Novice: 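Below are the structure tokens for one structure; questions will follow.
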Amino acid sequence: MANMRNIILTALLSAIALVSGYVEELDDKFTEFRQNELWLVEFYAPWCAYCHTFEPVWTEVGAELKSLGSPVNVGKIDTTAHTSIATEFNIRGYPTIKLFKGDLSFDYKGPRTKDGIIEFTNRVSGPVVRPLSSVQLFQHVMSRHDVIFVYIGGESLLKKEYYKAATEFIVHTYFFTASEEILPKAVTLQDVPAVAVFKDGTYYIYNEFIDGDLSSWINRERFLSYFQIDSYSLYQMGELSKLVALAVVDEKNPSEESIRYKTLMERVSTEYRDHYKSDFQFGYVDGNEYVNGLIMGELAMPSIIVLNMSIDGYYIPESSTETIEDLLQFLNSVLDGSTTLLGGNGFWQCAKRIFYKGKNTVMSMVETAPVFSCFVLGLPVGVVVLVIYATCTAVPADDEKPEEEATASPALDTHGKKAIESQPESTEKTSEAKKED
């Protein structure tokens, strides 16, 4: 009953959004006019339980952008009805959110919240690189954002590389330009032009000889050194070359041990940044649900774990972690290979992971929409049963030949001897006639 109420409520909210103009239902013609306007689009499927749950959030996004006077139009496309759209934009999961800006499209990979989506929309729909023209504006930007990148200087080859990287990573963070005069007094530049990242209450200058190419450096530095990591951020870290060191805790039921694990992680991230900045991303996660899905098991809380997101592998300390020295020893053992790598992306692990994810998806579907799930899961079973039944009860073609065309095998009597075959009547009469003669 509760599920039915949720579905009805979702349908009503969707209808209100469409009627009010907050969200527009799009079709195949979208590709014809999208290049002339800014569009934020949700690609969905009617059978997707997550899409139904997300519908109220999408309605709120459309309403707020409309109230703010945003130039961005908000729409949604049913990819089961418009399959060519799904193919053209390579839609692989639901709901998928994209912002279209001219010939470019940007994927939203953050949490499915109203604030997160609106912040992404405002960032991506505006200029890729924004100028900071005063000290006050610089301070205002710093107070609003945890991480920003700033190019300092005039025209140069580095500036071209910076703009190119900004186009790639604008979906994740902000990019600015500024002159030396508006920078905080604490900022010291050895050379101009330069690129700096401001985060963690300090700043770091890009060095081509130490940090490699600019795009890779930006990708590594776009996260805080230590922060609360959600499933979306953790998924993005698969693109990094870093390992992810986590304290897995239950924030609703904090314990002395969980507080100690978080404190140790934060201390290592700041006190040993220069030593580990190229190898580890530090943070903590609230709850073990996502990690359980990765390791395909149950991780106790609180725990310390190191994840290799690029190969779905992980490391767990073999002994308790009481001090910062214990944590440093564990991290060093991961780097030198003396700690065993668990999981991975081998054949059997991949097969096991597919089965695990499939089982969880089915369980989630049944809990969210039991009637619909029974229909979806029962339909292929019913088809298979019908095929088997039809195959077993089918009459062979040879058995359908007329009787007169069939060749009878000689019959056996009760003693197992061949019975005397009956001769045609005409033949019997001929024999008798012969005897009479």
Side-chain angles (χ1 to χ4, degrees), residues 40 57 60-61 64-65 67-72 99 106 108-153 159 162-163 165-189 192-206 214 217-230 232-233 236-237 251 262-263 265-267 269-271 273-274 277 281-286:
L40 181 67
V57 177
E60 291 178 2
V61 169
E64 180 146 340
L65 288 174
S67 66
L68 293 173
S70 172
V72 179
L99 188 140
F106 302 88
Y108 176 67
K109 298 179 181 179
R112 300 301 194 256
T113 61
K114 182 193 72 172
D115 292 341
I117 296 170
I118 289 176
E119 199 268 345
F120 161 82
T121 303
N122 292 334
R123 181 173 69 247
V124 177
S125 62
V128 174
V129 178
R130 295 167 165 84
L132 296 174
S133 55
S134 66
V135 175
Q136 292 76 16
L137 183 57
F138 187 95
Q139 293 173 344
H140 174 71
V141 167
M142 283 293 299
S143 66
R144 291 192 59 191
H145 307 297
D146 294 327
V147 180
I148 65 168
F149 290 88
V150 181
Y151 173 83
I152 306 104
K159 186 175 183 179
Y162 180 75
Y163 270 74
T167 303
E168 180 182 358
F169 293 106
I170 188 64
V171 295
H172 300 299
T173 189
Y174 284 90
F175 294 85
F176 299 91
T177 58
S179 62
E180 290 185 76
E181 291 75 24
I182 71 162
L183 296 177
K185 293 181 180 179
V187 177
T188 303
L189 298 177
V192 175
V195 176
V197 58
F198 291 83
K199 65 177 187 178
D200 303 324
T202 184
Y203 68 96
Y204 305 98
I205 305 296
Y206 166 67
L214 179 61
W217 178 76
I218 289 174
N219 193 31
R220 292 194 302 269
E221 295 291 344
R222 62 188 175 89
F223 296 103
L224 293 169
S225 298
Y226 172 85
F227 68 107
Q228 181 176 354
I229 300 176
D230 57 24
Y232 299 99
S233 301
Q236 292 174 37
M237 288 176 187
E251 289 288 85
K262 288 172 62 179
T263 302
M265 280 290 180
E266 187 171 12
R267 282 188 59 190
S269 70
T270 54
E271 296 175 18
R273 170 185 159 81
D274 291 339
K277 66 178 181 179
Q281 171 64 55
F282 295 94
Y284 72 95
V285 291
D286 181 12

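Any value given below was found using the heavy atoms of this structure, including those in side chains, with hydrogens, waters and symmetry copies removed. On a predicted model such as this, the values are computed, not experimentally measured, just so you know.
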Novice: What are the two closest non-hydrogen atoms of I152 and L183, and how far apart are they?
Specialist: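 Heavy atoms of I152 and L183 come nearest at CG1-CD1, 3.9 Å.
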
Novice: In the structure I gave you, are the side-chain heavy atoms of M237 and I229 within less than 4.5 Å of one another anywhere?
Specialist: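 Yes, side chains in contact.
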
Novice: To the nearest 0.5 angstrom, please state how far the NZ atom of K199 sits from the CZ atom of R222.
Specialist: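 Rounded to the nearest 0.5 Å, the NZ-CZ separation comes to 10.5 Å.
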
Novice: Mind checking the CG-CD1 spacing from L189 to I205? Nearest 0.5 Å is all I need.
Specialist: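 Between L189 CG and I205 CD1, I get 5.0 Å after rounding to 0.5 Å.
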
Novice: Is there a side-chain contact between K159 and P193 in this structure, where contact means two heavy atoms from C-beta onward sitting under 4.5 Å apart?
Specialist: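 The answer is no, as the side chains (C-beta and beyond) never meet within the 4.5 Å cut-off.
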
Novice: Could you check whether any side-chain heavy atom of F169 comes within less than 4.5 Å of a side-chain heavy atom of N219, counting everything from C-beta outward?
Specialist: yes

Novice: State whether R123 and E119 are salt-bridged, where the test is any N-O pair (Lys NZ or Arg NE/NH1/NH2 against Asp/Glu carboxylate O) under 4.0 Å.
Specialist: yes

Novice: Would you indicate whether the side-chain heavy atoms of E251 and Y284 approach each other to under 4.5 Å?
Specialist: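 The answer is yes, as the side chains (C-beta and beyond) meet within the 4.5 Å cut-off.
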
Novice: Minimum heavy-atom separation for V195 to Y151, with atom names?
Specialist: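 Closest heavy-atom pair between V195 and Y151: CG2-CD1, 3.9 Å.
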
Novice: In Å and rounded to the nearest 0.5 Å, what is the OG to CZ distance from S125 to F120?
Specialist: 9.0 Å

Novice: How long is the span from the OG atom in S70 to the CG atom in L40, to the nearest 0.5 Å?
Specialist: 9.0 Å

Novice: Could you check whether Y204 and W217 have their ring centres less than 6.0 Å apart?
Specialist: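 Centroid distance W217-Y204: not below 6.0 Å, so no.
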
Novice: Between the side chain of D200 and the main-chain N/O of T202, is any donor-acceptor distance below 3.5 Å?
Specialist: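 The answer is no, because no donor-acceptor pair under 3.5 Å joins these two groups.
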
Novice: Which residues pass the salt bridge (Lys or Arg N to Asp or Glu O under 4.0 Å) test with E271, not counting sequence neighbours?
Specialist: R267

Novice: Start with the C-alpha gap between I170 and F175, add the side-chain angles, then the distance that decides, and say whether side-chain contact (heavy atoms from CB on, under 4.5 Å) holds.
Specialist: CA-CA 7 Å; I170 188 64; F175 294 85; 4.3 Å; yes

Novice: OH of Y174 to CD1 of I148: how many Å apart, nearest 0.5 Å?
Specialist: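 With rounding to 0.5 Å, OH (Y174) is 11.0 Å from CD1 (I148).
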
Novice: Of all heavy-atom pairs between S143 and H140, which one has the smallest distance, and what is that distance?
Specialist: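 S143 and H140 have their closest heavy atoms at OG-O, 2.6 Å.
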
Novice: Might you point out which heavy atoms bring R130 and N122 nearest each other, and give the distance in Å?
Specialist: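 Nearest heavy atoms, R130 then N122: NH2-O, 3.1 Å.
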
Novice: Decide if the gap between the ring center of Y226 and the ring center of F282 is smaller than 6.0 angstrom.
Specialist: no

Novice: Any idea which heavy atoms bring V147 and T173 closest together, and the distance?
Specialist: O-OG1, 3.0 Å

Novice: Spell out, as yes or no, whether a donor-acceptor pair under 3.5 Å connects the side chain of Q228 to the backbone of G283.
Specialist: no

Novice: Looking at every heavy atom in both F106 and T167, which two are closest together, and how far apart are they?
Specialist: CE2-O, 3.7 Å

Novice: Is it true that E60 and R112 have a side-chain N and a carboxylate O under 4.0 angstrom from each other?
Specialist: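 No, E60 and R112 are not salt-bridged.
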
Novice: side-chain contact (heavy atoms from CB on, under 4.5 Å), that's the test. Do F149 and Y206 meet it? Break it down for me.
Specialist: CA-CA 10 Å; F149 290 88; Y206 166 67; over 6 Å; no

Novice: Pick out which of Y203, F198, F176 makes a ring-ring contact (aromatic ring centres under 6.0 Å, His included) with F138.
Specialist: F198

Novice: To the nearest 0.5 Å, how far apart are CD in Q236 and NZ in K109?
Specialist: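 Atom-to-atom, Q236:CD and K109:NZ are 6.5 Å apart.
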
Novice: Tell me, do Y108 and I117 make a side-chain contact under 4.5 Å, heavy atoms counted?
Specialist: yes

